[in-house]
There are 2 protein chains.
Amino acid sequence: MTTSTVEDYLKCIYQESQRSGNSLISTGQIAAGLKVAPGTATAMMKTLADSGLVSYEPYSGVRLTPEGARLATHVLRRHRVVELFLVQVMGMNWSEVHKDAELLEHDVSDRLIDRMDEMLGRPTVDPHGDPIPSARGVLKEKDYPSLLLCGLRAPLRVVRVTDQETGFLLFLEGHGIMPGNRIEVLSRDEAADSLMVRPESGKSFSLGFRAASKILVETVA
Amino acid sequence: MTTSTVEDYLKCIYQESQRSGNSLISTGQIAAGLKVAPGTATAMMKTLADSGLVSYEPYSGVRLTPEGARLATHVLRRHRVVELFLVQVMGMNWSEVHKDAELLEHDVSDRLIDRMDEMLGRPTVDPHGDPIPSARGVLKEKDYPSLLLCGLRAPLRVVRVTDQETGFLLFLEGHGIMPGNRIEVLSRDEAADSLMVRPESGKSFSLGFRAASKILVETVA
DNA sequence: TTTAATTTTTTGATTGATCAAAATTCATCT
DNA sequence: AGATGAATTTTGATCAATCAAAAAATTAAA
């Protein structure tokens, strides 16, 4: 019933809400996120509103209805289960699975997703540390600090990387930065807009604040 | 570039050619095969012809160009590799994988197909015995006789079932008719439009000619 | 060889998704 | 408050895919 384009819009709205911490999303954000013309996003918001998937207030923005959120988390679940499957079962690299998952998320049947989920042992996070919504669509986002806000010179564990670009992920992997790995932030320099990271295994290196903000960690006991 | 609808049309033309043994396919056959209105098929044939994927002669029919055939076999390869993967790796039943593969065939990347192909040990046939085209698009269809034409009271091996309907496949499985299994045709009755089959393991049973024509076998030495 | 039946193509319309560019509304800054 | 700039919505068009129904061509039958 719902087309794959609609799924993309819902997913975008959901993730934009998550990221910004605000459930009201402007058509401009959506247009930028999906790389479509502003008018295209506006038009789509009207049809989504007609389908009861978002509530739309002109010049203000949209927000997902419960039904819209349900669909969005289901797409997200499919995406993340597929990503983990590609890494765990198919032996692909975490840096290269996003694009494939982006395509498959629209066409993998629930039956197949559940089969994957089962094979993977009902996992809770994907290869980037992104949480996997339950089959019922429940998603619990934990609030981890990024390298910008965590403690200095304290043992940390990488729990999540909020970027899907292959190049960036390969760079991180090359420096030993992957979910599960231990690292430490040696210093931060506001003026230089950069900080020094020391991975457990590997040489310490510097990271710009923008990149650092995408690496989420938890303190190790 | 090529849309998933176009892939469906090419696949349909390819399979219809295969089935009928004639490379010239009428728009009516295509419309019937894809369950679209006749005019829709005609319109699509014009656009396929404009793209150089078929040669189209009004009121006569179409035939795939080399490029069209290349695309068609690639879709077929993806479909069949996925089907086998679903059975072999995901543990699904051969009777239920067609629908899933139908969806996935359009979105699984070549990289991923090759990964599956490798995991499966470069197989040559899918769970129904349908041959899998090579990565270069070469497909060799062997010409097996059906239960209608094979020898009577001779040991046979099922090599292929040319139908994808879950109900039919489950019926066959229930009677021990699956690619690889041994069977024997006990008798044929033209008037009754049916024949008796004896599977190696299981009771003998009768089968209508129409159903029997979908079961291809080879003689066992 | 005309007629009838079947198949194919045309025609006219619709739906979903998109864009560019014009018009409108909103917010901000003197 | 008025003007300016930015964001948003409208408008007018296009493209892909589809349908129903009318028109044309082909094939088969009488």
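Naming: A, B, ... by sequence-line order, numbering from 1 per chain. What you see below is based on every heavy atom in this structure, not just the backbone, and it leaves out hydrogens, waters and symmetry mates.
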Can you figure out which of [options] approaches the side chain of [X] most closely?
| X | options | answer |
| --- | --- | --- |
| Thr3(A) | dA24(D), dT9(D), dA17(C) | dA17(C) |
| Thr42(A) | dA17(D), dC19(D), dT10(D) | dT10(D) |
| Thr5(A) | dA17(D), dA25(D), dA17(C) | dA17(C) |
| Tyr9(A) | dT18(C), dA17(C), dA17(D) | dT18(C) |
| Thr40(B) | dA24(D), dA17(C), dT18(D) | dT18(D) |
| Thr27(A) | dT8(D), dA17(D), dA24(D) | dT8(D) |
| Tyr59(A) | dT8(C), dT9(D), dT18(C) | dT9(D) |
| Ala37(B) | dT18(C), dT8(C), dC19(D) | dC19(D) |

Write down the distance between [atom1] ([X]) and [atom2] ([N]), rounded to a whole number of angstrom.
| X | N | atom1 | atom2 | value |
| --- | --- | --- | --- | --- |
| Leu48(B) | dT18(D) | CG | P | 11 Å |
| Asp50(B) | dC15(D) | CG | P | 13 Å |
| Lys46(A) | dT18(C) | NZ | P | 16 Å |
| Leu34(B) | dT18(D) | CG | P | 8 Å |
| His106(B) | dA17(D) | NE2 | P | 12 Å |
| Met45(B) | dT10(C) | CE | C1' | 16 Å |
| Ile25(B) | dT8(C) | CD1 | P | 11 Å |
| Met1(A) | dT15(C) | CE | C1' | 11 Å |

Specify the closest pair of heavy atoms between Val185(A) and Gly151(A), including all atoms of both residues, with the distance to one decimal. CB-O, 4.3 Å
Along DNA chain C (nearest heavy atom to each residue), the more 5'-positioned of Met44(A) and Gly61(B): Gly61(B)
Using the salt bridge (Lys or Arg N to Asp or Glu O under 4.0 Å) definition, which of the options Lys11(B), Lys99(B), Arg78(B), Arg80(B) pairs with Glu105(B)? Lys11(B)
Closer than 4.0 angstrom, basic N to acidic O: yes or no for Arg111(A) and Glu96(B)? yes
Indicate yes or no: does Arg77(B) engage Asp117(B) in a salt bridge with an N to O separation below 4.0 Å. yes
Using a cut-off of strictly less than 4.0 Å, decide whether Ser26(A) has a side-chain nitrogen or oxygen near OP1 or OP2 of dT8(D). yes
dT8(D), OP1 or OP2 - any side-chain N/O from Tyr56(A) closer than 4.0 Å? no
With no hydrogens and no angle check, just 3.5 Å: does a side-chain donor-acceptor pair link Ser23(B) and Arg63(B)? yes
Which is true for Gly39(A) with a 4.0 Å heavy-atom rule: it touches a base, it touches only sugar-phosphate, or it touches nothing? base
